[in-house]
2 protein chains.
Amino acid sequence: MQPQPLIQIYNCLCDETRLRMVHLLAQSPLCVCHLQDILGLTQVAASKHLAYLRRHRLVEARRHEQWMIYSLPAARPRELDWQLRCLQDCLPTHPVFRDDLRRLKARQADCCWVAEAVGAASTATQGSVKTKPIKKPK
Amino acid sequence: MQPQPLIQIYNCLCDETRLRMVHLLAQSPLCVCHLQDILGLTQVAASKHLAYLRRHRLVEARRHEQWMIYSLPAARPRELDWQLRCLQDCLPTHPVFRDDLRRLKARQADCCWVAEAVGAASTATQGSVKTKPIKKPK
DNA sequence: TGCGCATATCCCTATACCAGCATATTCTCT
DNA sequence: AGAGAATATGCTGGTATAGGGATATGCGCA
């Protein structure tokens, strides 16, 4: 959009929940139910924040069967790349984000994408999806 | 504060006025009246946004006679340095910010700090103030 | 076709913040 | 002490957004 891409990005990331979402999506594409699970959100909260991020072009979504898979866009503006590098450098030391990564890795066994991404250390580029996410964990 | 320094920074910079302020202060310390003038703000708007930035530790203020001089803090957290580098890289192409810099340079003649900073290309470290800012330009 | 799951949207309330107006505060100078 | 300049703070109305409950939509399966 017009009002300075950077400002849009800042508006997205100035909310802790959304920051955590982007941080996780920088590791791996994820479906809504996983984000909801890892971040401990209600379905509504997860969906709304993702809609917000999507509306501002920070994430993309594609449907896979009954699941919506969210991921960082393949082609990113320079502004966003700066932020991703910043997150990479600044967040790992903070407990909240460390724990998020721990929980993400714990899903490896349950979910093909997470396994792919975490295991293969692929940097969240959107590989084609091969199998299904876990059933929504309660 | 606690809630993740990065989030604080994002909250500060997600407002265009504050982003422009930080962008200018990255070039040179400035008094309120100069910021007000360059950005075309009311006195109240300038003061409030500066108070917000100050409350969140993105800027420091010191009094010099009757003027308050705002500047970036000498010791900056890594999070803030990332953003300053990002601004440096992403903003100059955008008209709004280019014009701000133009107006800043135009004040060179009128104001010792601007002259110092812009002229000597000192990077907004807080040198000791030697003379006065211009009388508030109308 | 009908059901269940995953996700999105609508409606409502509470909160944060911006902008402007009026007023208070802090200096400096006389 | 008094005046005036520079800056800060209180109050108010308006807007954006978070969060929750209920409901709607899209898709796969029996």
Side-chain angles (χ1 to χ4, degrees), chain A residues 1 3 7-8 10-21 29-56 58-71 110-111 113 129 131-138, chain B residues 1 3 7-8 10-21 29-56 58-71 110-111 113 129 131-138:
Chain A
M1 288 184 177
I7 292 180
Q8 302 254 6
Y10 285 145
N11 265 299
C12 287
L13 301 183
C14 70
D15 176 271
E16 174 168 312
T17 302
R18 287 193 294 261
L19 183 57
R20 291 169 71 191
M21 283 178 156
L30 289 167
C31 65
V32 180
C33 58
H34 274 92
L35 285 164
Q36 185 180 337
D37 176 38
I38 296 175
L39 300 176
L41 299 175
T42 63
Q43 186 266 316
V44 174
S47 178
K48 281 184 183 171
H49 280 298
L50 286 167
Y52 187 107
L53 287 172
R54 193 180 179 185
R55 201 181 326 138
H56 294 262
L58 260 79
V59 306
E60 288 174 348
R62 63 185 191 284
R63 180 175 286 282
H64 174 67
E65 296 175 6
Q66 50 207 292
W67 295 275
M68 289 296 284
I69 314 301
Y70 282 83
S71 57
D110 303 330
C111 174
W113 303 309
V129 174
T131 48
K132 302 181 182 184
I134 56 174
K135 291 296 171 200
K136 170 169 174 176
K138 186 172 44 319
Chain B
M1 291 183 176
I7 293 179
Q8 302 254 7
Y10 285 146
N11 265 299
C12 287
L13 301 183
C14 70
D15 177 272
E16 175 169 311
T17 300
R18 288 193 294 261
L19 184 57
R20 291 169 71 190
M21 283 178 155
L30 289 168
C31 65
V32 181
C33 59
H34 273 91
L35 284 164
Q36 185 182 335
D37 176 38
I38 296 176
L39 299 176
L41 298 175
T42 64
Q43 186 267 315
V44 174
S47 178
K48 282 185 182 170
H49 280 297
L50 286 167
Y52 187 107
L53 287 171
R54 194 180 180 185
R55 202 182 323 139
H56 294 263
L58 260 80
V59 306
E60 288 174 348
R62 64 185 191 282
R63 179 177 287 281
H64 173 67
E65 296 175 7
Q66 50 207 294
W67 295 274
M68 289 295 285
I69 314 300
Y70 282 83
S71 57
D110 303 330
C111 173
W113 304 309
V129 174
T131 47
K132 304 181 180 183
I134 55 173
K135 292 296 170 198
K136 171 168 174 177
K138 188 170 41 321

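First the proteins, then the strands, lettered A, B, ... as listed; each starts at 1. Side-chain atoms are counted along with the backbone in the values below, which use heavy atoms only and exclude waters and symmetry mates.
Nucleotide D/dA30 holds its P atom 12 Å from the CD atom of A/Gln66, rounded to whole Å. Computed from coordinates, the A/Leu39 CG to C/dT7 C1' distance equals 16 Å when rounded to whole Å. Here the P atom of nucleotide D/dA22 and the NZ atom of A/Lys48 are 14 Å apart, to the nearest Å. Between the P atom of C/dC17 and the CD1 atom of A/Ile7 lies a distance of 17 Å, rounded to the nearest Å. Distance CD (B/Gln36) to C1' (D/dA8): 12 Å, rounded to an integer number of Å. Protein atom NE2 of B/His34 is 15 Å distant from nucleotide atom C1' of D/dT7, rounded to whole Å. Atom pair A/Leu41:CG and D/dG19:P shows a separation of 8 Å (rounding to whole Å applied). Look at NE2 on B/His56: it is 11 Å from C1' on C/dA16, rounded to the nearest Å.
Closest approach to the A/Glu65 side chain among D/dT17, D/dT7, D/dG28 is made by D/dG28 (side chain taken as heavy atoms from C-beta onward). Residue B/Met68 has its side chain nearest to D/dT7 when only D/dT7, C/dT9, C/dC18 are considered. Nearest nucleotide to the side chain of B/Arg63, out of D/dA18, D/dG28, C/dT26: C/dT26. Here the side chain of B/Ser47 is nearest to one of D/dT7, C/dC18, D/dG21, namely D/dT7. Of the listed nucleotides (D/dG20, C/dT7, D/dA8), D/dG20 has the atom at the smallest distance from the side chain of A/Ala45.
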Does A/His49 form a side-chain contact (heavy atoms from CB on, under 4.5 Å) with A/Leu39? I'd like the steps, not just the answer.
CA-CA 12 Å; A/His49 280 298; A/Leu39 300 176; over 6 Å; no

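In this structure, B/Ile38 CD1 and B/Cys33 SG are separated by 9.5 Å, a value rounded to the nearest 0.5 Å.
Residues passing the salt bridge (Lys or Arg N to Asp or Glu O under 4.0 Å) test with B/Arg20 are B/Asp100, sequence neighbours excluded.
In this model, a side-chain donor or acceptor of B/Gln43 finds a partner on the base of D/dA8 within 3.5 Å.
Taking for each of B/Val44 and A/Asp15 the nucleotide of DNA chain D with the nearest heavy atom, the 5'-most of the two is the partner of B/Val44.
Side-chain nitrogen and oxygen atoms of B/His64 include none within less than 4.0 Å of the OP1 or OP2 phosphate oxygen of C/dC27. Side-chain nitrogen and oxygen atoms of A/Tyr70 include at least one within less than 4.0 Å of the OP1 or OP2 phosphate oxygen of C/dA8. For C/dC18, the OP1/OP2 oxygens have a side-chain nitrogen or oxygen of B/Arg18 closer than 4.0 Å.
Using a 4.5 Å heavy-atom threshold, the side chains of B/Met68 and B/Arg54 count as touching. Residues B/Arg62 and B/Ser71 are in side-chain contact: their nearest non-hydrogen atoms beyond the backbone lie under 4.5 Å apart.
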